[in-house]
Amino acid sequence: MIRKVLIANRGEIALRISCTLREMGIQTVAVFTEPDEHALHVQSAHEAREISSYLDASEIVRTAKESGADAIHPGYGFLSENAGFSEACEVSGLVFIGPRADTIRAMGDKLESKRVMQQAGIPIVPVWNGSPPRSEFPVLVKAVGGGGGKGMRLVQNVAELQDALASASREASAAFGDHHVFVEKYIRQPRHIEFQILGDAHGNAIHAFERECSIQRRHQKLIEETPSPAVTPELRIQMGSAALAAARAVKYRGAGTVEFIVDPSGKFYFLEMNTRLQVEHPITEMTTGLDLVREQVLIASGEKLNYAQSDLYQTGHALECRIYAEVPEENFRPDTGVIEVFERPSGPGIRLDTGVGRGSVVSYHFDPLLAKLIVWAPSRRAAIDRMKRALEDFVLLGVRNNIEFLRRVISTDDFGSGKLDTTFLDRHGEVFNVPNEVPVEAVLVASTVGAVYDRPDRPAGHRLPLQDVWDSGNWRNS
Ligand code: ADP
Ligand code: ADP
Ligand code: MG
């Protein structure tokens, strides 16, 4: 029985996990480092303990023991894919809410995971140990231990290869503590389509359908949706079977994701397996009714999956936009500051998973992901319309962010017709343009009833009193 869980994470995912734990009657322990002293995830937990780093495995295990927790949920990022952390938990008698350490280790190695999947009969992206044939260029250099889109290099010709290998290797050493790199075939204009999997400790596994994550910047996802507009029922059966074969090949226990890359002809290749909860898991929850954190806890408690593949189906369409404190027009550079105005969108079919609110400090210490806006609607068209409306209603001032940029992306004809691939943003420069010099976030309008804060793309009814904007000290940006 799991009665008390330490959440070894911060931000929106720590809050998300705590929601489900509390619904399950489980006590929650938050951890925080000094810059997060006043963070929302600290306030939302039953108790909170200060630590020196979210990456210090032994300190976190010690803190969990001291607090009387019987399990640890690692969230995503940080220690979530660290096999040593999972082992340290088990050694201390703590349940690690995630897969077995051997699975994390094997799947965390991009070459080893490809070897395992190839043996299971799953198509993989071809890799080379040395230099590939000239005809294969361009190619990608990747870090064996890479993640989060880091440590990757696109190499156009054989002359550039040695330098790319050396610099990727240095970056990989610094970022992942592993200098090994390899060369992979570069798939042109691919889609990123992944499958959610769940496996229990009794050998049962299911998949919970796909998520399309082709809208990316720096090889990192920005907008995700399910079902994918590119997946036909036949392709879903093929890719779903491959995802299940991947789960079975490693006797997967827990929630995980099998990532594929799909070329324009519809051929798909295994890319990697993520052995954790995925950032974009809510879109699967919105269309299947599953609570993936709840499933993780039940699996970690040793329970059997109490449904079969044929019991699962998707209803409607879900979209997620990742709200980052970053400036798309300035090469997506992260921004920092204090959030002065935070007006959340609401209404039917809207879910906001956020780690911040009014008064939150956004610092350079952490990943700039602020929140995830998720919408559900009966059809893809309706989901896009709903997302546009929700982005219009979302007012976040004090830290520059990508809300308006996301609105422009989903408003393009190509997004509307589902013509997506991972080079979408490279080919749609128009979404970076700010029309008519109109400020990105806000304009101040003087009217007879007094000055109000307004934005040209929002209905006039949605106005904040000037005082709120003035208080924010942010009006100069406008
Ligand atoms: P997902 O694969 O879940 O959609 P990302 O690939 O964007 O999401 O990564 C999830 C989060 O974890 C991000 O905050 C990212 O910065 C972080 N992350 C992922 N892998 C690593 C890694 N190997 N090292 C450091 N941070 C990582
Ligand atoms: P990470 O561990 O950083 O998530 P992935 O291998 O999952 O690394 O790749 C991240 C993204 O990089 C993919 O979603 C895709 O956009 C791009 N990418 C990766 N491999 C290839 C490839 N072989 N060809 C084209 N694009 C690729
Ligand atoms: Mg990946």
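Numbers here are sequence positions counted from 1. Order of appearance sets the numbers: ligands from 1, and atoms from 1 within every ligand. As the structure is a prediction and not an experimental result, all values here were calculated from the model.
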Pick, from Q189, E81, M152, E272, the option with the minimum heavy-atom distance to atom 7 (O) of ligand 2. E272
With a 6.0 Å cut-off on ring centres, are [X] and [Y] close enough?
X	Y	value
F32	Y54	no
F195	F270	no
H180	F182	no

Do you know which N/O/S atom name in E272 is closest to the Mg ion (ligand 3)? OE2
Looking at E259, pick out the N, O or S atom nearest to the Mg ion (ligand 3) and give its name. OE1
Is it true that the NZ or CZ of R10 lies under 6.0 Å from the centre of F366's six-membered ring and within 45 degrees of the ring axis? yes
Taking the six-membered ring of Y324 as reference, does the cationic atom of R217 (NZ for Lys, CZ for Arg) lie under 6.0 Å from its centre and within 45° of its axis? yes
Return yes when [X] approaches ligand 2 closer than 4.0 angstrom through a heavy atom, no otherwise.
X	value
R188	no
K110	yes
K142	yes

Distance-only criterion, 3.5 Å: show the donor-acceptor pairs between side-chain atoms of residues 131-143 and protein atoms not counting sequence neighbours.
unit_1: E136; atom_1: OE1; unit_2: K185; atom_2: NZ; d: 3.3
unit_1: K142; atom_1: NZ; unit_2: E184; atom_2: OE1; d: 3.4
unit_1: K142; atom_1: NZ; unit_2: E184; atom_2: OE2; d: 2.9

With S214 via side-chain hydrogen bond (donor to acceptor under 3.5 Å, both in side chains) - residues at least two apart: E212
For ligand 2, is any non-hydrogen atom under 4.0 Å from [X]'s backbone (N, CA, C, O), its side chain (CB onward), both, or neither?
X	value
V125	side chain
H219	both
E259	side chain

Backbone or side-chain N or O of G149 under 3.5 Å from ligand 2 N or O: yes
